[in-house]
Number of protein chains: 2
Amino acid sequence: MSAVVGTDLVCQVGFIVKDINATKKKWAEFLGVEEPEAALCGEYETTRTEFKGQPAPEANSYLAFFDVGPGLQLELIQPNEAPSTWRNYLNEHGEGIHHVAFNIKGMKMPEAVKRCEDLGMVLEQKGEYGDASGRYTYMNAYKDLKCIVELLESDR
Amino acid sequence: MSAVVGTDLVCQVGFIVKDINATKKKWAEFLGVEEPEAALCGEYETTRTEFKGQPAPEANSYLAFFDVGPGLQLELIQPNEAPSTWRNYLNEHGEGIHHVAFNIKGMKMPEAVKRCEDLGMVLEQKGEYGDASGRYTYMNAYKDLKCIVELLESDR
């Protein structure tokens with residue numbers, strides 16, 4: 001047996017929040033760490049965000065990260081109003097845990113996505129990192145895995 | 001600054017599911033690992049489960065665990081029909097990610113709970129491990145942290 005996306009290590013737990021500044025203040029207090037900066041995902045010229053197979057130039061979100069383990073981050077995401085996996089989650093579920101992420105290894109993103117699709121997952125959103133250092137894909141895996149799975153590929 | 005519960009390391013991500021056998025089969029396939037056994041939490045004589053401040057002798061669930069990082073587990077939870085944090089989540093949210101957990105260190109459970117309560121969290125459920133090797137407390141932290149936080153204390 002081998003992992004479908006080349007790894008069995010969760011590298012991120014992602015939360016959707018309404019007010020990233022208020023929520024990261026509370027998480028920093030709880031974890032006993034410095035409050036991280038929040039920054040936008042990036043500009044569409046770089047991120048090339050696609051949501052449900054369509055270009056989504058307006059979709060964006062503020063992000064902030066906490067280290068919560070060896071190789072594990074907690075990610076806070078405050079979406080803007082444009083349709084995206086983040087905004088849809090907030091509209092449909094309210095604030096809460098949106099995804100778990102895996103750093104894909106030993107394969108490129110198209111192959112990882114194809115393997116997930118073969119397992120019954122549905123590509124929901126994808127884009128490049130705002131600093132052009134890699135890319136992400138959100139696979140909707142609610143049917144079988146009961147969550148959204150994010151695939152991350154770093155070029156560094 | 002120090003962590004409110006003595007650690008900033010997430011040790012578990014907990015999912016509520018309807019059919020633990022079906023879901024753990026899919027997760028095992030995705031992760032490329034052996035399918036773990038599912039087992040009941042334990043007998044009330046040992047677990048002494050309390051839900052919302054009241055004894056909950058009927059509350060129970062099947063649990064299965066996957067290792068998904070150094071010190072990180074993915075936990076699948078199939079609740080029975082009796083009221084519990086697990087059953088309530090399933091009724092109100094459907095299947096999905098229910099909690100993140102922290103192994104408390106350097107303090108006992110009552111102190112950890114008190115510190116969380118001072119931060120505005122609400123004790124939702126608690127109990128002893130089914131093998132009497134420790135205890136857990138679910139703190140409702142939706143208001144500020146946007147999730148349920150589970151505290152784990154092992155006597156081993």
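Reminder, nothing fancy here: chain letters follow the sequence lines and each chain counts from 1.
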Visitor: Side chain to side chain contact (heavy atoms under 4.5 Å, CB included), that's the test. Do Val13(B) and Val10(A) meet it? Break it down for me.
Guide: CA-CA 10 Å; Val13(B) 181; Val10(A) 171; 5.6 Å; no
Visitor: Report yes or no: do Phe65(A) and Phe30(A) belong to one cluster of Ile/Leu/Val/Met/Phe/Trp/Tyr joined by side chain heavy-atom distances under 4.5 Å?
Guide: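 Phe65(A) does not cluster with Phe30(A).
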Visitor: Determine the option with the most heavy-atom pairs under 4.5 angstrom with chain B, choosing from Cys116(A), Gly94(A), Cys147(A), Gly69(A).
Guide: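 So the answer, after comparing Cys116(A), Gly94(A), Cys147(A), Gly69(A), is Cys147(A).
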Visitor: Check which hydrophobic residues are tied to Phe51(A) through side-chain heavy-atom contacts below 4.5 Å, counting indirect links as well, and list them.
Guide: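 Same cluster as Phe51(A): nobody, lone residue.
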Visitor: Please say yes or no: joined through hydrophobic side-chain contacts below 4.5 Å, possibly via intermediate residues, are Ile16(B) and Leu152(B) part of one cluster?
Guide: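 In one cluster with Ile16(B): Leu152(B), yes.
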Visitor: Can you name the residues that form a side chain to side chain contact (heavy atoms under 4.5 Å, CB included) with Pro36(B), not counting sequence neighbours?
Guide: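 Here the qualifying residues are Ala64(B), Phe66(B).
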Visitor: If Ile, Leu, Val, Met, Phe, Trp and Tyr residues are connected whenever their side-chain heavy atoms lie under 4.5 Å apart, and connections chain through other members, are Val100(A) and Phe102(B) in the same group?
Guide: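 They do share one cluster, since a chain of ILVMFWY contacts under 4.5 Å joins Val100(A) to Phe102(B).
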Visitor: Which atoms of Cys11(B) are under 4.5 Å from chain A, going by heavy atoms: the side chain, the backbone, both sets, or neither?
Guide: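 Contact with chain A is absent: no heavy atom of Cys11(B) under 4.5 Å.
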Visitor: Heavy-atom pairs under 4.5 Å with chain B are the metric here; pick the option from Val33(A), Val4(A), Leu74(A), Leu145(A) that has the most.
Guide: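 Of Val33(A), Val4(A), Leu74(A), Leu145(A), Leu145(A) has the most heavy-atom pairs under 4.5 Å with chain B.
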Visitor: Pick one of side chain, backbone, both or neither for Phe15(B), based on which atoms fall under 4.5 Å of a heavy atom in chain A.
Guide: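 For Phe15(B), the side chain is the part near chain A, not the backbone.
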Visitor: Can you say whether Val17(A) sits under 4.5 Å from chain B via the side chain, the backbone, both, or neither, judging by heavy atoms?
Guide: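 Looking at Val17(A), just its side chain touches chain B.
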Visitor: Against chain B, work out which of Leu31(A), Ile148(A), Leu72(A) has the most heavy-atom pairs shorter than 4.5 Å and name it.
Guide: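 It is Leu31(A).
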Visitor: When you group the ILVMFWY residues by side-chain heavy-atom contacts below 4.5 Å and let the links chain together, are Val149(A) and Val5(A) in the same group?
Guide: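 Yes, because Val5(A) and Val149(A) connect within a single hydrophobic cluster, where side-chain heavy atoms sit under 4.5 Å apart.
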Visitor: Which N or O donor-acceptor pairs, by atom type, sit under 3.5 Å across chain B and chain A?
Guide:
residue, atom, partner, partner atom, Å
Val4(B), N, Phe30(A), O, 2.9
Val10(B), N, Val68(A), O, 2.8
Trp27(B), NE1, Leu145(A), O, 3.1
Phe30(B), O, Val4(A), N, 2.9
Val68(B), O, Val10(A), N, 2.8
Glu95(B), OE1, Lys146(A), NZ, 3.0
Leu145(B), O, Trp27(A), NE1, 3.1
Lys146(B), NZ, Glu95(A), OE1, 3.1

Visitor: Can you hop from Leu123(B) to Met109(B) via hydrophobic side chains spaced under 4.5 Å?
Guide: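 Cluster IDs for Leu123(B) and Met109(B) match.
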Visitor: Running the 4.5 Å side-chain criterion over Ile, Leu, Val, Met, Phe, Trp and Tyr, what cluster does Leu9(B) land in, apart from itself?
Guide: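 ILVMFWY cluster around Leu9(B) holds nothing else.
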Visitor: When heavy-atom pairs shorter than 4.5 Å are enumerated against chain A, which of Gly71(B), Ala141(B), Gly32(B) gives the highest number?
Guide: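 Highest number of pairs under 4.5 Å: Gly32(B).
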